[in-house]
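Take this structure first; my questions come after.
Since this is a predicted model, take the numbers as computed values, not measurements.
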Amino acid sequence: MSSFELLSANMKRKIWEMKWDSLTPIQEKTIPLVFHTQNDLVISSGTASGKTEAALLPILSMVEKDAMHALKVIYVSPLKALINNQFERIEKICEHSDIAIHRWHGDVSQSKKKRFLENPTGILQITPESIESMFVNRSNLLRAVFKDVDFIIIDEIHSFFDNARGVHLRSLLSRLAKYAEKPPRQIGLSATVDNFELVKSWLNYEQPDNVEVLNIKGNDKNLKFHLMHVQQDAPMLPLELLMDLRELTRDRKAVVFCNNRGQVEEVTVGLNRLADREGMGETYYPHHSSIDKKEREYVEKVMTESTLPKSVIATSSLELGIDIGNIEIVIQIDSTFSVSSLKQRLGRSGRKRDADQLLQLYSTSEPNLIQSLAVMELVIENWVEPSTGYQLPFDVLFQQLISICQETDGVRYPELLDNIRAIPIFHSIEEADVQNLISHMINEDYLEVIKGSGEIIVGLAGEKLLRSKDFYAVFMSSQEYEVMENHKKIGKLDQSFILNEGDNLILAGKLWRVKDIDHDRKKVYVEKAVNGKKPSYSGFPGYIHPRIREKMMEILCSTDSFRYVNDSAVSTLNDERKKYVFNEVTPSERIIWSDREEMIFEAYTGTKITKTLVWMLRYYGVNAKIKDSTDKISFPHVDVIQKIFNKIKNKSWVEADLVPYVYEQEWLESKYSKEIGEELAIKMHIANEFKINEAVNFLQKYELRIIEAT
DNA sequence: GACCTGCTGCGGACTG
């Protein structure tokens, strides 16, 4: 029987009505697996390949009869905007089958939530944080709601693999499965995945072999790409770059990705000025997390509905699958920090059938040119950073312990331990450390032991966390000032971006003058202005994978040319290569550039290995620090540096050796890292930040060479 | 020298 024939009459009818010529390859493959196996699935394929329908058509065919009376499917999404996007799509599919679809996230009204709880049926679309809120606030209803769930669909599942939020979701789904009469089958929808082992055990730790990963790479789209280097010598972006951007986007719908929010503002205003000179109306729209939600939704709507060549300038806020219509070209200003990010952004274009994928890269500095080339070459090689998971998640466990004590309304110590043991995502945490954490939490009043019964409940300090709306998410968020024009919200500014009355700034692509600042309420009142400077926001610098830095060194040591770059890129690359060519450096070497005062070690490896090398050097008394954006290590001139690196290479390190050499601001920080106690915080740092074996391997693999300045 | 994600319940005023 064909995949189509397997579907229910209602689903077939819907497919006819939608006038599909055929099912997509991923749908052909998925449908029989849903019907004929009991496997969990990860469906991985490109944008617009019909993944959502691949999962939903067979699932709804199977559950449609029972879905009138009970909740059968949970759809988990990392974004509220995706829930809203998908709601309409799913509603369409369900048109003939009367399956109810319920949205549950922070913007959904209490009355709708109540109505769902009174009659939980059909499909529930929800975020991880809202599942948490059900455990905290509706614990008496959990069985009634979840008992008949057969399927859990996790959209954009790759966004959960390597972070605390993913651990949080896993923990919630394990807790939820307890309330279902039989364990629900899980279906993940994903962009390209690597590291199948991790993916399988992430989805089903007890039976990873029960997970099938469908990875359809088949992208028959033709990718056309070009890199333009324009050296930036001033704080402002070069006019030449803006004019080229204007040229490229005059007749096309584009997404322009920037690496920070301030640059989004600068580029939007710059491009609108150029368009204005040509007598065009508003053509460029900014999109990032510090622009008010209403404004962002408006931009998404304009991009989806407009047939005119309008463009959106964005940060990674538009990296996941929020609908912005058919994009003809993707533009990236300065290199992304990962290959997977560039791939993901690339996937935003060419949704139209038979359309090519177009990509324009710009670089504005020498190191960025090299990194842009390295990342692009790795895309061409079809390499992507493998998932690594989130190690020793004591911070999430801390939050989940409070949540479990709330859910159970008091639980005896052995049962609490059983509860934790039943959550596989915490398997890497030793029993003794679970006990350490619970004792610590009791000592600090996050938990409390009731005299007599011995039951553990949420303590006073825990109540304080639990009763704040900040409890539900496990990731950190920064304090920002709200920017208002009278009563209208414009967006937000970072606390560290200090302004005074009368100062001018750009926000949401418009120019403002500060009228008044209310520090108590954290509000900035503004009025329209004719000029302004771009805002800056503070954030953690992230990690770069070793392979990208290795590729950069390979490019610097080679004489290969790249056919997709402009003349300025060629000459800049040649200049950058000179000192390596002159010294006949090979990619199997790493250079320590030396003058009388200072040495600069170009490790050209990943961020975590570089940091570990810094801590190792400090152990031997070398006052090392990371110098700049290329992860170079600098330290005062040391005559015997080769000997020290030999010692590092040959020492049998234990983790405790390095702990005293981690400076205050270098410790891993997460939402609850301050609350879990010093001992566990150090363990978390060690597990996530120390790369001792990798650093030693690095020193064994590469030959270090000192080159004296001439 | 990054980026992004999420969010309750309750009391009180007001509207139809």
Side-chain angles (χ1 to χ4, degrees), chain A residues 76-84 104-111 113-114 117 126-139 155-169 172 257-264 287-291 293 296 313-322 332-338 340-342 344-345 364-365 367-368 371 396 399 403 406 463-478 480 492 494 496 536-544 607 610-611 625-632 665-666 670-671:
Chain A
V76 183
S77 160
L79 301 178
K80 291 185 289 191
L82 268 186
I83 288 182
N84 297 341
W104 186 312
H105 58 62
D107 301 338
V108 173
S109 70
Q110 287 294 327
S111 58
K113 290 172 184 167
K114 258 184 210 143
L117 291 172
I126 194 164
T127 61
E129 288 71 22
S130 283
I131 301 179
E132 180 65 73
S133 81
M134 292 183 84
F135 275 96
V136 170
N137 300 307
R138 324 273 179 166
S139 48
D155 205 355
E156 306 275 7
I157 194 174
H158 57 280
S159 72
F160 291 111
F161 290 145
D162 292 342
N163 50 40
R165 198 178 186 204
V167 174
H168 186 205
L169 176 61
L172 292 168
F257 284 106
C258 299
N259 286 338
N260 61 68
R261 287 167 270 182
Q263 193 172 59
V264 166
H287 193 283
H288 60 72
S289 66
S290 297
I291 292 173
K293 194 177 63 131
R296 287 161 65 181
I313 324 296
T315 58
S316 56
S317 58
L318 282 181
E319 206 169 278
L320 294 181
I322 297 171
Q332 173 69 41
I333 301 180
D334 280 333
S335 175
T336 55
F337 298 93
S338 73
S340 75
S341 175
L342 183 59
Q344 189 85 18
R345 292 174 184 195
T364 63
S365 70
N368 222 296
Q371 191 172 317
V396 184
Q399 184 238 25
S403 173
Q406 168 70 16
E463 276 291 323
K464 215 176 142 189
L465 293 177
L466 188 63
R467 293 302 156 207
S468 123
K469 67 173 184 171
D470 203 36
F471 179 77
Y472 304 94
V474 294
F475 48 84
M476 295 212 293
S477 42
S478 58
E480 289 178 310
K492 294 188 180 116
D494 202 278
S496 63
S536 67
Y537 297 87
S538 59
F540 285 120
Y543 307 107
I544 290 191
T607 314
T610 308
K611 283 185 179 177
K625 59 178 193 291
I626 292 179
K627 192 176 160 60
D628 63 21
S629 61
T630 48
D631 280 7
K632 292 175 184 171
Q665 72 281 8
E666 294 171 346
S670 74
K671 182 153 167 193

field: Proximal nucleotide (of dA2(B), dC3(B), dT8(B)) relative to the R261(A) side chain
entry: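 Of dA2(B), dC3(B), dT8(B), dC3(B) is nearest to the side chain of R261(A).
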
message: Testing the basics here: between S341(A) and T336(A), what is the closest heavy-atom pair and its distance to 0.1 Å?
response: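 Closest approach of S341(A) to T336(A): OG-CG2, 3.9 Å.
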
field: Nearest-nucleotide 5' precedence on DNA chain B, S468(A) against H287(A)
entry: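 Between the two, 5'-proximity favours H287(A).
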
- prompt: If you look at every strand shown and take non-hydrogen atoms under 4.0 Å, does D107(A) touch a base, only sugar-phosphate, or nothing?
  reply: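 No contact.
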
- prompt: Rounded to whole angstrom units, what separation is found between the CG atom of D470(A) and the C1' atom of dG9(B)?
  reply: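 Distance, rounded to whole Å: 16 Å.
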
query: If only side-chain N and O atoms of N137(A) are considered, is one of them under 4.0 Å from the OP1 or OP2 phosphate oxygen of dG9(B)?
result: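 Affirmative; the distance criterion is met.
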
task: Measure the distance from CD on Q263(A) to C1' on dA2(B) and round it to the nearest whole Å.
output: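 Between C1' of dA2(B) and CD of Q263(A): 11 Å.
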
message: On a heavy-atom basis, which atom in S130(A) and which in G106(A) lie closest, and how many Å separate them?
response: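 That closest heavy-atom pairing would be OG-N, 4.1 Å.
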
- prompt: Out of dC4(B), dG9(B), dG6(B), which has the shortest distance to the side chain of T315(A)?
  reply: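 Taking heavy atoms from C-beta onward, the closest nucleotide is dC4(B).
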
message: Given dG9(B), dG6(B), dC3(B), identify the nucleotide with an atom nearest to the side chain of Y537(A).
response: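 Closest nucleotide to the Y537(A) side chain: dC3(B).
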
- request: Nearest whole angstrom, please: distance from the P of dC4(B) to the CZ of F160(A).
  value: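 F160(A) atom CZ is separated from dC4(B) atom P by 17 Å.
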
- prompt: If you look at every strand shown and take non-hydrogen atoms under 4.0 Å, does S159(A) touch a base, only sugar-phosphate, or nothing?
  reply: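 No contact.
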
- prompt: Which nucleotide in the list dC4(B), dT8(B), dA2(B) gets nearest to the side chain of P541(A)?
  reply: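 When the side chain of P541(A) is considered, dA2(B) is the closest of dC4(B), dT8(B), dA2(B).
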
query: Can a side chain N or O of S289(A) be found less than 4.0 Å away from OP1 or OP2 on dC4(B)?
result: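 Yes, such a contact exists.
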
- request: Mind calculating the distance between CZ (F475(A)) and C1' (dA2(B)) to the nearest angstrom?
  value: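 For the pair F475(A) CZ and dA2(B) C1', the rounded distance is 17 Å.
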
message: What's the closest nucleotide to the side chain of N260(A) if the choices are dC3(B), dG9(B), dG6(B)?
response: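 That would be dC3(B).
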
task: Start with the C-alpha gap between H287(A) and S317(A), add the side-chain angles, then the distance that decides, and say whether side chain to side chain donor-acceptor pair (under 3.5 Å) holds.
output: CA-CA 7 Å; H287(A) 193 283; S317(A) 58; 2.8 Å; yes

message: Using modelled atom types and a 3.5 Å cut-off, is there a donor and acceptor pairing between side-chain atoms of Q399(A) and backbone atoms of F471(A)?
response: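 Indeed, once roles are kept as given, a pair shorter than 3.5 Å links the two residues.
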
field: Whole-Å distance separating the NZ atom of K671(A) from the P atom of dC4(B)
entry: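 Interatomic distance, NZ of K671(A) to P of dC4(B): 18 Å.
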
Residue pair N368(A) / S335(A): nearest heavy atoms and the distance that separates them: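 For N368(A) and S335(A), the tightest heavy-atom pair comes out as OD1-N, 2.7 Å.
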
message: Which nucleotide wins on minimum distance to the side chain of D631(A), given the candidates dG6(B), dG1(B), dT5(B)?
response: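 Closest nucleotide among those given: dG1(B).
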
Atom-to-atom span, NZ of K114(A) to C1' of dG9(B) - whole angstrom: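 Atom-to-atom, K114(A) to dG9(B), this comes out as 10 Å.
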
message: Between the base of dT8(B) and the ring of Y472(A) - centre-to-centre under 5.5 Å, planes within under 30° - is that a stack?
response: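 According to the criterion (under 5.5 Å, under 30°), no, Y472(A) does not stack.
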
message: For N163(A), give me all partners under side chain to side chain donor-acceptor pair (under 3.5 Å), at least two apart in sequence or on another chain.
response: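 Here no residue qualifies.
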
Selected nucleotide, minimal atom distance to F337(A) side chain, candidates dT8(B), dA2(B), dG6(B):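 Nearest to the side chain of F337(A) among the choices is dA2(B).
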
query: Counting any heavy atom closer than 4.0 Å, what does F540(A) reach on the DNA or RNA strands: base, sugar-phosphate only, or nothing?
result: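 Result for F540(A) = base.
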
query: How many Å lie between CD1 on I322(A) and P on dC3(B), as a whole number?
result: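 Rounding to the nearest Å, CD1 of I322(A) and P of dC3(B) are 17 Å apart.
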
- prompt: Contact class for K293(A) vs. all strands (heavy atom < 4.0 Å): base, sugar-phosphate, or nothing?
  reply: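 Contact class for K293(A): none.
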
field: Where F540(A) and M476(A) come nearest, the two heavy atoms and their spacing
entry: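 Residues F540(A) and M476(A), closest heavy atoms: CE1-CE, 3.3 Å.
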
query: Nearest to the side chain of I626(A) - dC3(B), dT5(B), dG1(B)?
result: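 When the side chain of I626(A) is considered, dG1(B) is the closest of dC3(B), dT5(B), dG1(B).
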
- request: Remember a base hit wins even if backbone is also touched, and classify Q110(A) as base, sugar-phosphate or nothing at under 4.0 Å, heavy atoms.
  value: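 Sugar-phosphate only.
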
message: Counting the atoms with a prime plus P, OP1 and OP2 as sugar-phosphate, which does F257(A) contact under 4.0 Å by heavy atoms, base, sugar-phosphate, or nothing?
response: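 No contact.
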
message: Taking any heavy-atom pair under 4.0 Å as a contact, classify R345(A): base, sugar-phosphate, or nothing.
response: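 Touches nothing.
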
- request: Using only side-chain N and O atoms of R138(A), determine if any of them is under 4.0 Å from OP1 or OP2 of dG9(B).
  value: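 Yes, R138(A) has a side-chain N/O under 4.0 Å of OP1/OP2 on dG9(B).
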
